[in-house]
Every structure is written in structure tokens, then in C-alpha cells.
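I have placed the structure first, in the form of C-alpha cells, so that the comments after it can refer back to it.
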Amino acid sequence: MKVLEVASSLRDWGGIERYVVYLTQGLTARGHEVEATCPPGSPLAQRLEVPHHRLALRGKHSLVALARYIRLLRSRDFDLIHVHFSPDFLMPAYAARLTGRPKVVLSRHVALRWSARKAPLYRRMFDHIIPVADAVQKKLLESGIPAEQMTVAKAGCPASVRTRPVEETRAALGIDGHAVGCFGRLVSEKGLDTVLKAKPEMTAQVHIFGEGPKRAELEKIAHGAKFHGFVPDVVDAMGAVDVVAIPSIWAEAFPFAALEAMSLARPILASRIGGLPEMVEDGVNGLLFDAGNSQDFLAKQRELEGDPARGVEMGLRGQSLHAAEYTVEKMAERIEAVFVKVRG
């Protein structure tokens, strides 16, 4: 099958960008011919291993982009277009309709409803929709998207591999004793203040990895938490903490931080929100707490700190789950099945 992955508005290096890279790798390994669109010079362009077209889109109603997509579809005999992100999923879909060419599939990456105005349009524009989690499908059902137009297909990622021994990394990062690690952009929706508000009552260390606009504000309530900023060896850092915390206060659909923690055999402390309860089974590969509730977070954190063997066991269960269900190969297999069904 010849597939075009659309990513012409993706200029950062976050979850959707990684999804696109991993999926193109997985589909190529399964024998498909995959191409992509992406902004020139973007992190995505630097990482894609498949042929990609230099195409940047900033507004969702760009007639320039529409013309470029029409030319691209007329010059290439794609079987299917796969779109991902709201700024750039309308023009490729319109181009497909105008040229009468390939089917169009949308992956929905956020657990948010569509408005009463958008949902009917999207029902007509896309041949099929892939919610990346059950929580996403629930929101789309509430929006009026029929169940038969959707297939949940969850993501996967490569198994993370450390580049140096754990003790060496812990020493370099100043980790001594039980440590909780938070990984990601320092923005309000990540809920890091939930952890920091609990810090005065914690005996464990808190290590925060990442940058973002909320860093200065969060540092004012750090209570001894250590901010490392961006680190190039994030896998080593994640593998060096005892627990990975994902304290999001908005409905994350299927965050890669959880998958990476699983692959590294780290137990997860996660908010009970969005798709996280689908990834973290309470008491199995981690513990869940009420989103935004610092005291509930503290209670669950103390459970893991007080029983290290239980944390190790949870981490190993998560690692087994990743190997069985959340590899790039499994991800590509699930998406391929949707593509085959849509193409007919």
C-alpha cells in the first residue's frame, strides 16, 4: 500500500511527531511504501527515514497549501492519506475530494469533543477516524461521530535502551535515595504543581526534566525539587529514577512518557484522567491518583516509597506489557488493519 502521512504543520518534537516517525518506520517494515509531508528544517524532517515533501502549513484554510496538495496527489498514486493534527487535516482532505484520489483517514490524538459545527463536517471529510485511546473514542461518540466510522488503535514506541549504567547516571544527576521523576514540557496542563505542592511532606527527591514557559513559576514552589531542564539522555534519566510521575490535569490521550517508562521497567504514578487509566492499571504497573489532588498523589507516592519491591514488580509488569502490546511493530499492525479495512 502507498501511504502519505501528513504532518505539514508539525514544527516541534512532541507526541504527535514521534507517533508519525514511529508509524512510518513500522509501516515501512511491514512492506508499505510510505511518504510524508513536513515543514523543511523541522525536527520531524530531521528524523523521518522515509521520503518526505517539504510542505509547511500554518493556517488550516491555506489555499496555497490546498494547491500544493492537489499537485502532490495528482503526481503520486497514493492509496491512502493519513492526517493527524487540526491545522493540517482539512486541506489534504479537500485535495483528496477535489482530485477524486485516495481515501483519507484521521488519527485523533486528544481526548476532547468536537463542536456541533465541526463534527458533521468531519464525518463527511474523513473515510475513517482512528482514536488513539478509548477515552478519545468516548469523546468523539459524544460529539456525534458514529461508532462504525471509528476504530481505536493505540500507539507504540521502541523499547528504550540506556546508554550508561544506572548508578553512573544517578551520580551525575545528583539522585540519592528514592527519586520521583517528571518528564515533559513545563506547561500548566502537565500538572507539575500537584507534585510540587506535595513536596514539603515528601521524603523522596523530585527531579524534573524538561523546559517550558512555566519553569520560573514552578521553581518558586519547588520546595527542593531539582530542575534539570532539557537533557539529551532522557532515557538514561528516566531509567535512573525510582518512579515516573505523570500528573497531568488535562485529558492526555496516550502519552509516550508512560510507554517509555513501561519499556524501562519503571512504575508509574499517573493522574486518573484521559487515556492514562488505559495505560496504567492501578496496582499492576503503577498507581493512579485523582488529577490535581496533591494529597492523593502524596499518599500513592508514599505507598511506592515504603515498598520498593512492589515498585520493582510493577515496573517489570509494565515492561512485559510494553513488549506484548506497545511496540512499534504492534502499533503498525493495528494501523495497517484499519488501512486495509478502509481501502477495501
Side-chain angles (χ1 to χ4, degrees), residues 10-22 43-44 47 85 109-112 132-133 135 155-158 160 169 173 175 179-199 204-219 221-222 225-264 266-280 285-289 291-292 294 297 300-301 318 322 326:
L10 299 178
R11 293 172 171 79
D12 297 320
W13 182 243
I16 302 178
E17 290 87 352
R18 293 163 74 183
Y19 180 102
V20 171
V21 168
Y22 298 152
L44 191 56
R47 291 170 171 83
F85 193 49
H109 294 268
V110 293
L112 299 173
V132 300
C157 72
S160 299
T169 303
L173 295 173
I175 298 176
V180 176
C182 301
F183 300 82
R185 276 181 51 78
L186 307 187
V187 291
S188 297
E189 54 264 33
K190 294 297 184 180
L192 291 169
D193 57 329
T194 303
V195 176
L196 297 179
K197 288 173 183 176
K199 182 64 178 70
Q205 293 183 345
V206 172
H207 292 263
I208 296 175
F209 300 87
E211 285 290 356
K214 290 290 182 179
R215 176 166 179 167
E217 183 178 324
L218 291 168
E219 286 181 324
I221 58 169
K226 186 171 183 179
F227 288 73
H228 296 271
F230 171 80
V231 291
D233 53 350
V234 67
V235 169
D236 287 340
M238 186 176 283
V241 298
D242 298 281
V243 176
V244 172
I246 307 177
S248 301
I249 57 173
W250 83 298
E252 294 222 48
F254 214 74
F256 279 106
L259 295 181
E260 290 164 345
M262 286 185 207
S263 78
L264 287 164
R266 299 297 90 187
I268 303 167
L269 268 174
S271 302
R272 191 181 284 104
I273 193 170
L276 281 167
E278 299 171 41
M279 310 175 81
V280 182
N285 63 322
L287 295 175
L288 297 172
F289 61 92
S294 294
F297 168 82
K300 301 300 172 60
Q301 184 274 319
H322 177 272
Y326 297 128

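Atom CG of residue Leu259 and atom OG of residue Ser160 lie 9.0 Å apart, to the nearest 0.5 angstrom. Here the straight-line distance linking atom CG of Leu288 with atom CZ of Phe297 works out to 12.5 Å at 0.5 Å rounding. Between the OG1 atom of Thr169 and the CG atom of Asp233 there is a distance of 6.5 Å, given to the nearest 0.5 Å. With rounding to the nearest 0.5 Å, the separation of CD in Glu219 from NZ in Lys226 is 12.5 Å. In this structure, CD1 in Ile208 is found 6.5 Å from CG in Leu218, a value given to the nearest 0.5 Å. Note that NE2 of His207 is 10.5 Å distant from SG of Cys182, once rounded to the nearest 0.5 Å.
The shortest non-hydrogen separation linking Ala291 to Ile273 is CB-CD1, 4.2 Å. The two residues Ala225 and Lys199 come nearest to each other via the heavy atoms N-CE, 4.2 Å. Looking at every heavy atom in both residues, Met262 comes nearest to Gly318 through CB-O, 3.4 Å. In terms of heavy atoms, Phe230 sits closest to Glu211 at N-CG, 3.7 Å. Minimum heavy-atom separation, Gly212 to Arg185: CA-NH1, 4.4 Å. Gly15 and Phe256 get closest at one heavy-atom pair: O-CE1, 3.1 Å.
A donor-acceptor pair is defined here as one N or O able to donate and one able to accept, closer than 3.5 Å; no such pair exists between the side chain of His322 and the backbone of Gly156. Using a distance-only test at 3.5 Å, with no hydrogens or angles considered, a donor-acceptor pair links the side chain of Glu17 to the main chain of Gly14. Judged purely by atom type and a 3.5 angstrom limit, Asn285 uses its side chain to pair as donor or acceptor with the backbone of Met279.
Within the 6.0 Å centre-distance limit, the rings of His109 and Tyr19 are counted as a close aromatic pair. Checked against the 6.0 Å centroid threshold, Phe254 and Tyr326 count as a close aromatic pair.
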For residues 241-253, tabulate all N or O donor-acceptor pairs below 3.5 Å that involve a side-chain atom, not counting sequence neighbours.
from, atom 1, to, atom 2, distance (Å)
Asp242, OD2, Ala179, N, 2.7
Ser248, OG, Glu252, OE2, 2.4
Glu252, OE1, Lys190, NZ, 3.4
Glu252, OE2, Lys190, NZ, 3.2

>> Applying side-chain contact (heavy atoms from CB on, under 4.5 Å) to Trp13 and Val21, what does each step give before you reach the verdict?
In response: CA-CA 10 Å; Trp13 182 243; Val21 168; 3.8 Å; yes

>> Go through it in stages, so that I can follow the logic: the residues are Gln301 and Leu269, the test is side-chain contact (heavy atoms from CB on, under 4.5 Å), and I'd like the CA-CA distance, side-chain angles, deciding distance and then a yes or no.
In response: CA-CA 7 Å; Gln301 184 274 319; Leu269 268 174; 3.8 Å; yes

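No side-chain heavy atom of Arg272 sits under 4.5 Å from any side-chain heavy atom of Phe289.
With hydrogens and angles left out, the side-chain atoms of Thr194 and Ser294 include no donor and acceptor closer than 3.5 Å.
A parallel orientation is assigned to the rings of His228 and Phe209, their planes being inclined by less than 30° (bins at 30° and 60°).
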